[in-house]
There are 2 protein chains.
Amino acid sequence: MAYRKTPAEIRRLEAARERLVACATAVVADVGWSQASVTAVADSAGIAAGSVYQHFPSKAALAVEVFRRAAGREVDVLGDVLSGPGDPVERLARGIEVFARRALENRGLAYALLAAPAEPAVGAERLDFRRRYRALFAEVVREGMAAGLLPAQDGEITAAALTGAIGEVLVDPLGAPEEDATGALLAELTAMALRCAGAPAASA
Amino acid sequence: MAYRKTPAEIRRLEAARERLVACATAVVADVGWSQASVTAVADSAGIAAGSVYQHFPSKAALAVEVFRRAAGREVDVLGDVLSGPGDPVERLARGIEVFARRALENRGLAYALLAAPAEPAVGAERLDFRRRYRALFAEVVREGMAAGLLPAQDGEITAAALTGAIGEVLVDPLGAPEEDATGALLAELTAMALRCAGAPAASA
DNA sequence: GGAAACTCTGAATGATGCTTCACTTCTTCC
DNA sequence: GGAAGAAGTGAAGCATCATTCAGAGTTTCC
């Protein structure tokens, strides 16, 4: 045994991998999946294109990792809010607001996660991601119905609608960024979401 | 002048172009934009790949034409329903149902129009298409508010939400086709849309 | 210092798929 | 029938990238 990675070396490699994922995420948020070539990503991380393959077996694998990390963070945050304190309607309102606020604060990434054209492997991840979002919303809607706060409805459909509606509302402002209107947009969006779920007016 | 196209020849060429667009639409509805290569489209129309360029200057131009035709039909149909007879809430309900029913009857095409990964030129058309959908819905919502049937709200946001919600609800069933549940799905979707716009329950 | 094992590099390779073009086939008109 | 001109063909050309690989540079350990 003439060579064995020292802990420091292992840490260095892991850091390089993390840096690669972080830089790739930034590139994707900036220019979208289709423009994020291996060369562009490698350049932004300050390494050669070939070095990407030291960390990932293919471009698709890197893309999936980028998507999973970013999407996972969002699902975790939303899950925390939706299962936090408060009655179901309050939690739903807060969840919508948190989801939308985070998306508006990092529009490029939100667009990449929600809607940007992507290779099939990422598309499959996106479907799963949306399914998880829907499951979270559907659960709160069900709790709202059980608590008598929301009318009878198919929670899955309402949840799908909420996911799609938020995505659609958020995607368009991507083109014309109006920083000022964020507050009004969030208020309208939340009100719309509560109506969509059938919550009585002026509940939040 | 030794050659001039006869009317019959002109008709034949136009028919060939129409056939090409129709076949391309079918291919796109079947396999999606990314799999619809020039060769595949030409094959399905029974012509050589090179002949496509007799009718369109590029693949992107053909794709845009395919999108515009199909999307235009949908916008026209929805526009007719939304501006037809009945009070605004009734029209909205009927519009949602027509939109959704047509999408469910041709899921492949609906997916291609609403969500499937596509080249940038088609993506730009899609944005415009969604804007037109939103404008139609927003107008009905505004009429509903003016008639005192709907509560005060930002019609554009509700319209965006309706577009996104329908798309999201429809895209998922694409994977698991359950023909039987169409009626229930439409009923739930319409109910959700009316709640979303703030229409009183049991209004349709 | 030096051998062994590993990481990194970046130009070459290879695959995919749009587009072109020299050629063939068809249509028009005298 | 035949010349002129257009449409149709499909294989070659070309561009774009992901991926590979032979060699250079590093790290480890005796």
Side-chain angles (χ1 to χ4, degrees), chain A residues 1-21 23-24 27-28 31-67 117-123, chain B residues 1-21 23-24 27-28 30-67 116-123:
Chain A
M1 110 181 145
Y3 183 97
R4 170 172 299 213
K5 287 175 192 167
T6 66
E9 185 68 357
I10 290 173
R11 247 180 286 122
R12 190 184 65 81
L13 286 173
E14 274 174 6
R17 190 187 141 109
E18 290 304 304
R19 178 178 165 68
L20 176 56
V21 172
C23 289
V27 170
V28 166
V31 301
W33 300 100
S34 57
Q35 299 292 317
S37 66
V38 171
T39 305
V41 168
D43 282 356
S44 98
I47 62 177
S51 300
V52 169
Y53 294 83
Q54 301 253 334
H55 302 290
F56 295 94
S58 69
K59 181 193 178 173
L62 169 57
V64 165
E65 178 76 11
V66 165
F67 190 96
E119 59 211 300
V122 170
Chain B
M1 108 183 145
Y3 184 98
R4 170 172 299 209
K5 288 175 193 167
T6 69
E9 185 68 359
I10 290 173
R11 247 180 286 121
R12 190 185 65 82
L13 285 173
E14 273 174 7
R17 190 188 142 108
E18 290 305 303
R19 178 177 165 70
L20 176 56
V21 172
C23 288
V27 171
V28 166
D30 196 33
V31 302
W33 301 99
S34 57
Q35 300 292 317
S37 67
V38 170
T39 305
V41 168
D43 283 355
S44 98
I47 62 177
S51 300
V52 169
Y53 294 82
Q54 300 254 336
H55 302 289
F56 296 94
S58 68
K59 181 194 178 173
L62 169 57
V64 165
E65 180 75 12
V66 165
F67 190 96
E119 58 210 301
V122 171

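Hydrogens, waters and symmetry mates are skipped; everything else that's a heavy atom, side chains included, is used. Letters A, B, ... mirror the listed sequences (proteins, then strands); counts begin at 1.
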Starting at NZ of K59(B) and ending at P of dT20(C), how long is that distance when rounded to a whole Å? 15 Å

Here the distance between atom P of dG8(D) and atom CZ of R17(B), to the nearest Å, is 13 Å

Report the distance from atom CZ of F56(B) to atom P of dC18(C), rounded to the nearest whole Å. 15 Å

Atom pair distance, as rounded to whole Å: CG in L62(A) and C1' in dC17(D): 15 Å

Output for pair (E65(A) CD, L20(A) CG), nearest 0.5 Å, gives 9.5 Å

Partner residues of A40(A) under the side chain to side chain contact (heavy atoms under 4.5 Å, CB included) criterion, sequence neighbours left out: S37(A)

In whole angstrom, give the distance that lies between atom CG of D43(B) and atom P of dG8(D). 16 Å

Does R17(A) come within less than 4.0 Å of E14(A), counting only side-chain N to carboxylate O? no

Minimum-distance pair of heavy atoms, taken over all atoms of V31(B) and A36(B): CG2-N, 4.1 Å

For D43(B), the option from V41(B), T39(B), I47(B) that meets side-chain contact (heavy atoms from CB on, under 4.5 Å): T39(B)

Atom-to-atom span, OH of Y53(A) to P of dT19(D) - whole angstrom: 3 Å

Protein within reach of the bases, or only the backbone? For nucleotides 1-16 of chain C, mark each nucleotide 5' to 3' as B, S or -, using heavy atoms under 4.0 Å. ---SBSSBBB------

Nearest whole angstrom, please: distance from the P of dT28(D) to the CD1 of I10(A). 10 Å

For a quick test of reading the model: is some side-chain N or O of T6(A) closer than 4.0 Å to OP1 or OP2 of dT28(D)? yes

Proximal nucleotide (of dA18(D), dT19(D), dT19(C)) relative to the S37(A) side chain: dA18(D)

Counting heavy atoms not belonging to E18(B), are there more than 12 under 6.0 Å from its CD? yes

